[in-house]
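Here's the structure we're looking at; comments come further down.
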Amino acid sequence: MSVKYTIRLCSTPACHKTYRGEDFIRIVEEVLGIKPREISPDGKFHLEIVDCMGMCFHAPSMMVNDERYQDLTAEQVRTILTGLKQS
């Protein structure tokens, strides 16, 4: 199944130390209702946990398809995902 948005979050310890206690995976699960490696029922979203995205100096970070989001806060992640959900 082809999805519209693939969301990638980094799983390396270096990135997790900069998340400031925020659990971005939990936020994706709350907003989109999917867990890692799942596709949303509407086929719109897929969540991947990856080893490294090469954005360590701008963590916490996230990728949606080829778009990079860096230096994120939990609220920014919620806003980005909510916007994608409505598109």
Out of curiosity, Ile49 CD1 to Lys35 NZ, how far, rounded to the nearest 0.5 Å? 11.5 Å
Distance-minimising heavy-atom pair for His46 and Val3: CB-CG2, 3.9 Å
Minimal non-hydrogen separation, Phe24 against Val77, with atom names: CE2-CG2, 3.7 Å
Kindly compute the distance separating CZ (Phe45) from CD1 (Ile7), expressed to the nearest 0.5 Å. 5.5 Å
Closest approach of Lys44 and Asp42, non-hydrogen atoms and distance? N-OD1, 2.9 Å
What's the shortest heavy-atom distance between Gly33 and Glu38, and which atoms? O-OE1, 4.4 Å
Ile80 and Tyr69: which non-hydrogen atoms are nearest, and at how many Å? CD1-CD2, 3.3 Å
Are any of the side-chain heavy atoms of Met53 and Ser61 separated by less than 4.5 Å? yes
Do Ile25 and Pro36 touch side chain to side chain, with heavy atoms closer than 4.5 Å? yes
Where is the tightest heavy-atom contact between Asp51 and Cys10, given as atom of each residue plus distance? O-SG, 3.5 Å
Answer yes or no: is there a side-chain heavy-atom contact under 4.5 Å between Ile39 and Ile34? no
Distance col, row Ile27:CD1 vs Glu75:CD, nearest 0.5 angstrom, shows 8.5 Å
For the residue pair Leu47 and Leu32, establish whether any side-chain heavy-atom pair is separated by less than 4.5 Å. no
Does either side chain, that of Tyr5 or that of Ser40, offer a donor lying less than 3.5 Å from an acceptor on the other one? no
Rounded at 0.5 Å granularity, tell me how far CD in Gln86 sits from CG in Leu84. 9.5 Å
Leu72 versus Met62: any side-chain heavy-atom pair under 4.5 Å? yes
How long is the straight-line distance from CZ of Arg68 back to CZ of Arg8, given to the nearest 0.5 Å? 10.0 Å
Under a 3.5 Å distance rule, please check whether Glu67 uses its side chain to pair with a backbone N or O of Val64 as donor and acceptor. no
List the steps, then state whether side chain to side chain contact (heavy atoms under 4.5 Å, CB included) holds for Glu48 with Met63. CA-CA 10 Å; Glu48 292 182 355; Met63 285 185 70; over 6 Å; no
